[in-house]
Amino acid sequence: MKNFLPLATVIAVLFLLGTAGSSCKKTDTEPLGSKEDLVLGKWNINRMQIRIYSGGVFLKDSIIPQTPKPDNFVNFDASGTFQYRFNVATTDNGSYLFVGADSLIGLSGTTQYRWKMLTLTKDLFTVMTTSTTDANFPGATVENYQTFVRYK
C-alpha cells in the first residue's frame with residue numbers, strides 16, 4: 001500500500017499558500033471625522049419620502065416628486081448657518097446646531113427643521129423628521145425621510 005501522506009501535505013501547503021496570497025484587501029479603517037465636520041458643505045436633496053400613520057396604523061408611503069427651481073439642496077457652513085431649498089424658488093436661510101448625538105436643528109425665521117440623523121458619511125446624509133401637526137394630514141403622524149447626496 002502506498003503512503004499518501006507526502007502528497008496530502010503538498011496539497012495542504014499549496015492550499016494554504018493560495019488562500020494566504022489571495023486574502024481580501026483591507027477596507028479603509030480611517031475614521032470618518034466628527035459629525036460637525038462631515039455635515040459641512042452643499043448637499044443635493046436626492047429623495048424625499050413620507051410615511052403616514054393614523055392611530056398607530058400605517059396608511060401611506062409616498063415619494064415626493066422633485067420639481068427643482070432650479071435645484072433642491074441644503075448647505076451647511078462652518079459658521080453655523082445653513083440654506084435649504086426643496087421644490088420652491090426661494091431659499092430658507094438660517095442657523096443650525098447639533099443637539100445630542102443624533103439631532104440637527106435648523107432655524108430659519110418661523111420655520112424649524114428638526115432632523116434626526118440616520119446616516120452621515122462623507123457622501124451620504126439621511127435624516128428623518130416626525131410630525132403630528134402637518135396641516136395636510138390632520139390628526140396623523142407623518143414621518144419625513146430625506147436623503148442628501150454630497151455635491152461633487
Side-chain angles (χ1 to χ4, degrees), residues 12-13 15-152:
V13 168
F15 175 76
L16 289 173
L17 288 174
T19 57
S22 65
S23 64
C24 297
K25 178 183 173 188
K26 286 187 178 182
T27 58
D28 187 8
T29 57
E30 183 178 320
L32 291 174
S34 69
K35 64 185 176 206
E36 292 83 2
D37 290 335
L38 284 172
V39 77
L40 296 178
K42 190 171 183 180
W43 300 85
N44 177 45
I45 301 174
N46 192 42
R47 177 177 157 162
M48 187 177 296
Q49 174 181 0
I50 59 170
R51 296 180 58 110
I52 303 166
Y53 299 85
S54 181
V57 177
F58 174 73
L59 297 178
K60 184 177 183 178
D61 186 357
S62 183
I63 307 267
I64 306 298
Q66 291 205 32
T67 56
K69 299 174 184 176
D71 60 348
N72 294 327
F73 70 92
V74 61
N75 186 35
F76 299 96
D77 71 19
S79 67
T81 62
F82 84 106
Q83 300 172 309
Y84 180 89
R85 181 169 57 209
F86 184 77
N87 288 353
V88 294
T90 59
T91 303
D92 283 345
N93 295 294
S95 61
Y96 72 93
L97 61 111
F98 290 95
V99 178
D102 67 350
S103 293
L104 178 64
I105 310 294
L107 304 169
S108 176
T110 60
T111 304
Q112 190 174 107
Y113 299 93
R114 301 182 70 77
W115 291 309
K116 178 179 179 179
M117 299 184 303
L118 303 175
T119 306
L120 178 58
T121 69
K122 63 182 183 135
D123 296 316
L124 180 68
F125 186 17
T126 58
V127 296
M128 178 243 201
T129 303
T130 303
S131 171
T132 56
T133 59
D134 191 313
N136 295 317
F137 307 101
T141 299
V142 178
E143 294 178 350
N144 182 321
Y145 296 87
Q146 295 184 58
T147 302
F148 307 144
V149 178
R150 173 110 35 215
Y151 270 84
K152 297 288 181 184

Report the distance from atom [atom1] of [X] to atom [atom2] of [Y], rounding to the nearest 0.5 Å.
X: T141; Y: I52; atom1: OG1; atom2: CD1; result: 10.5 Å
X: I45; Y: F125; atom1: CD1; atom2: CZ; result: 11.0 Å
X: T91; Y: K69; atom1: OG1; atom2: NZ; result: 12.5 Å
X: Y84; Y: N72; atom1: OH; atom2: CG; result: 8.0 Å
X: Y53; Y: L59; atom1: OH; atom2: CG; result: 9.5 Å

[X] and [Y]: which non-hydrogen atoms are nearest, and at how many Å?
X: R150; Y: L38; result: NH2-O, 2.6 Å
X: N144; Y: Q146; result: OD1-CG, 3.4 Å
X: W43; Y: K122; result: CH2-O, 4.0 Å
X: P68; Y: N87; result: N-OD1, 3.8 Å
X: F82; Y: S108; result: CZ-CB, 4.3 Å
X: R85; Y: P70; result: NH2-CD, 3.8 Å

task: Check side-chain contact (heavy atoms from CB on, under 4.5 Å) between T133 and all other residues, then give those that pass, not counting sequence neighbours.
output: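 In terms of side-chain contact (heavy atoms from CB on, under 4.5 Å), with neighbours along the sequence ignored, T133 is linked to S131.
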query: Hey, mind stepping through V39 and F98 against side-chain contact (heavy atoms from CB on, under 4.5 Å) and telling me if it holds?
result: CA-CA 10 Å; V39 77; F98 290 95; 3.5 Å; yes
Less than 4.5 Å apart, side chain to side chain, heavy atoms only: is that true for [X] and [Y]?
X: L104; Y: V127; answer: no
X: F86; Y: I64; answer: yes
X: N93; Y: T81; answer: no
X: T147; Y: L124; answer: yes

query: Side chain of Y96, backbone of D77: donor and acceptor closer than 3.5 Å?
result: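 Pair found, side chain donor or acceptor close to backbone of D77.
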task: Please check if the side chain of Q49 supplies one atom and the backbone of D61 the other of a donor-acceptor pair under 3.5 Å.
output: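 Answer holds: no.
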task: Check step by step if ring-ring contact (aromatic ring centres under 6.0 Å, His included) holds for Y151 and F73.
output: CA-CA 9 Å; Y151 270 84; F73 70 92; 7.1 Å; no
Please output the side-chain donor-acceptor pairs of residues 109-120 that fall under 3.5 Å, not counting sequence neighbours, one pair per line with the distance.
| residue | atom | partner | partner atom | Å |
| --- | --- | --- | --- | --- |
| Q112 | OE1 | R114 | NH1 | 2.8 |
| Y113 | OH | D92 | OD2 | 2.3 |
| T119 | OG1 | T126 | OG1 | 3.0 |

